[in-house]
Amino acid sequence: MSAASAGPELSPAFFARSVHEVARELIGYRLLFDRVGGTIVETESYERDDPACHAYVGLTKRTEVLFGPPGRAYVYLSYGIHSLLNFVCEPAGEAAAVLIRALEPTDGLGEMRARRGPKHADTELCNGPGKLTEALGITLAQNDTDLSRPPFEILPPPGEPPELVASRRIGITKATEKPWRFSAAANRFVSRPRP
DNA sequence: CCTGCGATTTGCT
DNA sequence: GCAAATCGCAGGC
């Protein structure tokens, strides 16, 4: 366990370490956006020297957020449709991020259904990186914004963090062998069953 | 239960 | 010009 959280507020220093460490520790934390959100149950880590990471190509207009200071949101458009939320990690000049892949909804289920559609079961509201941003109302407007300030709120687990499972990352074609997908064991809100 | 496909935009080659 | 860190729906078993 690391640390450092004196108050309920999560400081940028939390993100200024190994992206894989942060990705593991985030499981069990609560993520809220405008008071809507839930417990993080699935993450993936991407590092600079990683062919699957956007920063692999170096510094461009798109990746400058990744090369910037830790503790910011990196939001980009996937398949022209979905906004995917990442937390920028490691000191400025490095380039790494944690992709938030699934939440167990705890707050604002009504608003989530208003955005996602009324017929979704609880387990289908936030069980995917594109689904959770839609449920929370996160868009490209949040790219390069500060995670330690409203409307973002990231809170440590109230008790013991859940047991972790590491497996291969999903939906990528490069560096698929890396075990950098982390999820809460036996949790029904993950995006897909683990191997 | 599972597999296949279209949607729709951006960023880099 | 095309691949992409996805999703929902259709259709088959």
Side-chain angles (χ1 to χ4, degrees), chain A residues 15 18-24 26-27 31 33 37-38 40-68 70 72-90 94-105 111-145 147 164-184 188-195:
Chain A
F15 299 97
S18 158
V19 69
H20 310 298
E21 220 174 282
V22 177
R24 280 191 293 266
L26 279 172
I27 302 296
L31 167 66
F33 184 74
I40 299 172
V41 297
E42 182 179 346
T43 60
E44 281 178 1
S45 44
Y46 291 83
E47 63 174 30
R48 193 220 180 298
D49 294 320
D50 168 9
C53 182
H54 290 171
Y56 190 68
V57 300
L59 181 61
T60 67
K61 183 74 178 170
R62 180 206 217 182
T63 62
E64 64 186 10
V65 185
L66 289 170
F67 283 90
R72 305 246 185 126
Y74 169 52
V75 185
Y76 77 96
L77 202 58
S78 179
Y79 292 92
I81 298 177
H82 307 289
S83 300
L84 268 52
L85 172 66
N86 299 254
F87 296 169
V88 175
C89 292
E90 307 197 0
E94 298 295 318
V98 176
L99 170 68
I100 309 302
R101 284 197 57 93
L103 304 178
E104 176 171 342
E111 290 190 66
M112 292 185 189
R113 286 205 171 83
R115 298 190 183 108
R116 295 258 304 122
K119 298 188 275 198
H120 288 292
D122 289 5
T123 49
E124 310 224 329
L125 287 171
C126 296
N127 64 332
K131 297 179 187 179
L132 73 90
T133 54
E134 186 180 18
L136 272 58
I138 293 170
T139 69
L140 297 184
Q142 273 66 60
N143 188 40
D144 204 16
T145 61
L147 294 166
L164 287 194
V165 178
S167 52
R168 283 142 60 120
R169 294 176 294 181
I170 298 181
I172 56 174
T173 56
K174 293 171 250 180
T176 55
E177 75 286 354
K178 306 288 189 186
W180 291 340
R181 176 193 181 203
F182 307 100
S183 51
R188 341 195 307 284
F189 296 86
V190 299
S191 65
R192 285 203 237 161
R194 61 174 192 116

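Every chain is numbered from 1, with letters handed out A, B, ... down the list of sequences. What's counted below: heavy atoms across the whole structure, side chains too, no hydrogens, waters or symmetry copies.
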Closest nucleotide among [options] to the [X] side chain:
| X | options | result |
| --- | --- | --- |
| A:R116 | C:dG8, C:dT6, B:dC12 | C:dG8 |
| A:R62 | C:dA4, C:dC7, B:dG11 | B:dG11 |
| A:Y79 | B:dT10, C:dT6, C:dA5 | C:dT6 |
| A:T173 | C:dA4, C:dC7, B:dT9 | C:dA4 |
| A:T60 | B:dC12, C:dA5, C:dT6 | B:dC12 |

#### Entry: Upstream residue (5' side of DNA chain B) when A:L140 and A:I81 are each assigned their closest nucleotide
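By nearest-heavy-atom nucleotide position, the 5'-most residue is A:I81.
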### Side-chain N or O of A:H54 closer than 4.0 Å to phosphate OP1/OP2 of C:dA5
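Yes.
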Given atom [atom1] of [X] and atom [atom2] of [N], what is their separation to the nearest angstrom?
| X | N | atom1 | atom2 | value |
| --- | --- | --- | --- | --- |
| A:I172 | C:dA3 | CD1 | P | 17 Å |
| A:L77 | C:dT6 | CG | C1' | 10 Å |
| A:Y76 | B:dC12 | OH | C1' | 15 Å |
| A:L132 | C:dC7 | CG | P | 8 Å |
| A:R192 | B:dC1 | CZ | P | 15 Å |
| A:L66 | B:dG11 | CG | C1' | 14 Å |
| A:K131 | C:dC7 | NZ | C1' | 7 Å |
| A:K174 | C:dA5 | NZ | C1' | 11 Å |

### Task
Check whether more than 12 heavy atoms from other residues, nucleotides or ligands sit under 6.0 Å from atom NZ of A:K131, and answer yes or no.
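Enclosed: over 12 neighbouring heavy atoms sit under 6.0 Å from NZ of A:K131.
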Using a heavy-atom cut-off of under 4.0 Å over every strand shown, decide if [X] touches base, sugar-phosphate, or nothing.
| X | value |
| --- | --- |
| A:R101 | sugar-phosphate |
| A:K61 | nothing |
| A:R181 | nothing |

### Flag side-chain contact, heavy atom, 4.5 Å: A:E42 against A:I170
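Answer yes - side chains close enough.
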Write down the atom of [X], the atom of [Y], and the distance for their closest heavy-atom approach.
| X | Y | value |
| --- | --- | --- |
| A:Y74 | A:V88 | CB-CG2, 3.9 Å |
| A:A52 | A:R169 | CB-NH2, 3.9 Å |
| A:R192 | A:R181 | O-NH2, 2.8 Å |

### Query
5'-most contact on DNA chain C: A:Y46 or A:H120, nearest heavy atom basis?
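Closest to the 5' end, via its nearest nucleotide, is A:Y46.
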### Query
Say you draw a straight line from CG of A:L136 to SG of A:C126; how long is it, rounded to the nearest 0.5 Å?
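A:L136 CG to A:C126 SG: 6.0 Å, rounded to 0.5 Å.
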### Task
Would you give the length of the straight line joining atom CG of A:N143 to atom OH of A:Y76, rounded to the nearest 0.5 angstrom?
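If I round to the nearest 0.5 Å, the distance is 11.5 Å.
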#### Entry: Under 3.5 Å side-chain donor-acceptor pair for A:R101 and A:S191
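Side chains of A:R101 and A:S191: pair found under 3.5 Å.
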### Task
Dot-bracket for DNA chain C, please, read 5' to 3', with Watson-Crick or G-U wobble pairs under 3.5 Å on both distances, ( ) within the strand, [ ] crossing, | other strand, . unpaired.
||||.|||||||.
